Protein chains: 2
Amino acid sequence: MEVVKNSTNHPGVDEIYLRTREKMPHVSLGTVYRNLEQLSEQGYVQKLEIGNEPKRFDPNPAPHNHFKCSSCGAVEDLPFVSIKRLQSEFSESLRGHRIEGYQLTIYGLCSRCTAEQGFNGVSNDTSVQDEGKEGG
Amino acid sequence: MEVVKNSTNHPGVDEIYLRTREKMPHVSLGTVYRNLEQLSEQGYVQKLEIGNEPKRFDPNPAPHNHFKCSSCGAVEDLPFVSIKRLQSEFSESLRGHRIEGYQLTIYGLCSRCTAEQGFNGVSNDTSVQDEGKEGG
DNA sequence: ATAGATGCAAAGTCTTTGCATTATA
DNA sequence: TATAATGCAAAGACTTTGCATCTAT
């Protein structure tokens, strides 16, 4: 089972199921769910919950962040940001709280989709919307 | 319908359904889902997708972040962080990407639960785990 | 033989949808 | 009357679970 997750990017259960069946043609969905759950509990893989999409699994169990392309759907890894830094960002709001972790997903177009859609060649440092705009 | 969301914190569909029924005893779940969907599309409320929990709705439609208490389940609001700042954090990884938005949820114990559980009186600036530890 | 893993399908949770009915302009 | 919203229940997507069977010790 573990080989399946080590071989791909951020597959969903359905993809893992199909890939597993290529090697074990009569494996069942239930088994895939059960094993994936177990593997993530044991820290071999990381369960990803992005929006309300079906779960994905990340072969990298270390905490890190993600970028989700809203065009092609690809999920990329982003580095982990120090919780201390995060906390200083929200120090007023989080006074008295005990922070255990966080989940950050940035949405947008990946570099390939950005290029394809040809937004006047904008790139990372000019394409950012002004904050407070894109939520409404 | 809108009064329901303005009256509470971050209710789930089930809670909104129950509250609505107090005033409109024969409203149906389907109607609640339909109207909530519509209200969030129109920007009156904000749809919240935290982990793989059932959807919640936030009366505040402006983009902002959230803190989820892993003990009592409460969801608190956190201020919005400039996308520009976020981006500078990940400038290397996001080169060429077009950023549209992000979703950040911090997990932990809210101040009430922290106090109740009495973790040696730790507070916001000493309770943080060292980064890279809490994920496994 | 025993303990655990698996296949299969049923069940569960949350959400969406079809359609006749009801309310509103 | 025409248009849109609603109730109700069925259906849908994703996930979990029960149980008999199979595997490995």
Side-chain angles (χ1 to χ4, degrees), chain A residues 1-59 61 66 68 70 72-75 103 105 107, chain B residues 1-59 61 66 68 70 72-75 103 105 107:
Chain A
M1 287 299 286
E2 213 177 329
V3 293
V4 183
K5 275 124 295 107
N6 283 318
S7 63
T8 164
N9 287 343
H10 297 83
V13 175
D14 51 345
E15 183 178 335
I16 294 171
Y17 174 57
L18 290 178
R19 292 201 187 201
T20 306
R21 282 186 80 96
E22 292 173 6
K23 289 163 188 162
M24 305 164 66
H26 47 274
V27 81
S28 75
L29 243 192
T31 299
V32 170
Y33 272 103
R34 269 183 293 231
N35 290 348
L36 248 15
E37 190 57 38
Q38 215 171 296
L39 288 170
S40 71
E41 273 171 13
Q42 293 169 359
Y44 294 118
V45 300
Q46 185 174 181
K47 198 194 299 181
L48 255 46
E49 296 171 341
I50 298 181
N52 63 348
E53 309 182 341
K55 291 191 184 84
R56 291 167 181 261
F57 285 83
D58 190 327
H66 293 95
K68 168 92 201 286
S70 51
C72 69
V75 173
Q103 195 257 322
T105 304
Y107 295 88
Chain B
M1 289 300 288
E2 213 177 330
V3 292
V4 185
K5 275 122 297 104
N6 283 319
S7 62
T8 163
N9 287 342
H10 298 82
V13 175
D14 52 344
E15 183 178 335
I16 293 171
Y17 174 57
L18 291 177
R19 291 201 188 200
T20 305
R21 282 186 80 97
E22 291 172 8
K23 289 161 187 161
M24 306 165 66
H26 47 274
V27 81
S28 75
L29 242 192
T31 299
V32 170
Y33 272 103
R34 269 183 294 232
N35 290 347
L36 248 15
E37 190 57 37
Q38 216 171 296
L39 288 171
S40 71
E41 273 171 13
Q42 293 168 0
Y44 294 117
V45 300
Q46 183 176 181
K47 198 193 302 181
L48 255 45
E49 296 171 343
I50 298 182
N52 63 346
E53 311 181 341
K55 290 192 185 82
R56 291 167 180 263
F57 285 83
D58 189 328
H66 294 94
K68 168 93 200 287
S70 51
C72 70
V75 173
Q103 195 257 324
T105 304
Y107 295 89

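Letters A, B, ... are given to chains in the order of the sequence lines, protein chains preceding strands, and every chain is numbered from 1. Every value quoted in this text rests on a predicted model; they were computed, and no experiment measured them.
- Across every non-hydrogen atom of Arg21(B) and Val27(B), the tightest pair is NH1-O, 2.7 Å.
- You'll find the side chain of Leu36(B) stays beyond 4.5 Å of the side chain of Tyr17(B), heavy atoms only.
- Regarding Asp14(B), its CG atom lies at a distance of 7 Å from the P atom of dC14(C), rounded to whole Å.
- To the nearest angstrom, C1' of dT15(C) lies 14 Å from OH of Tyr17(B).
- dT15(D) atom P lies 9 Å from atom CD of Glu49(A), rounded to whole Å.
- Neither OP1 nor OP2 of dT16(D) sits under 4.0 Å from any side-chain N or O of Tyr33(A).
- His26(A) NE2 to Thr20(A) OG1: the interatomic distance, rounded to the nearest 0.5 Å, is 12.5 Å.
- Contact annotation: side chain of Arg34(A) to base of dG4(C), donor-acceptor pair absent below 3.5 Å.
- Of the side-chain N and O atoms in Asn52(A), none sit less than 4.0 angstrom from OP1 or OP2 of dA13(D).
- The distance from atom NZ of Lys23(B) to atom P of dT6(D) is 16 Å, rounded to the nearest whole Å.
- Leu29(B) places its CG atom 11 Å from the P atom of dC14(C), with the value rounded to the nearest Å.
- Using modelled atom types, no side-chain atom of Arg56(A) and backbone atom of Leu48(A) make a donor-acceptor pair closer than 3.5 Å.
- Rounded to whole angstrom, the span from the CD atom of Glu15(B) across to the P atom of dT15(C) amounts to 14 Å.
- Residue Thr31(B) places at least one side-chain N or O closer than 4.0 Å to OP1 or OP2 of dG7(D).
- Salt bridge status for Lys47(A) with Glu37(A): present, with a side-chain N to carboxylate O gap under 4.0 Å.
- Comparing Gly30(B) and Gly30(A) by the nucleotide of DNA chain C whose heavy atom lies nearest to each, the residue mapping closer to the 5' end is Gly30(A).
- Side chain of His26(B), nearest nucleotide from dC14(C), dG7(C), dG7(D): dG7(D).
- Regarding Glu41(A), its CD atom lies at a distance of 13 Å from the C1' atom of dT16(D), rounded to whole Å.
- The nearest whole Å value for the distance from the CG atom in Asn35(A) to the P atom in dT15(D) is 15 Å.
- Each of Lys55(B) and Gln38(A) has a nearest nucleotide on DNA chain C; the 5'-most of these lies closest to Gln38(A).
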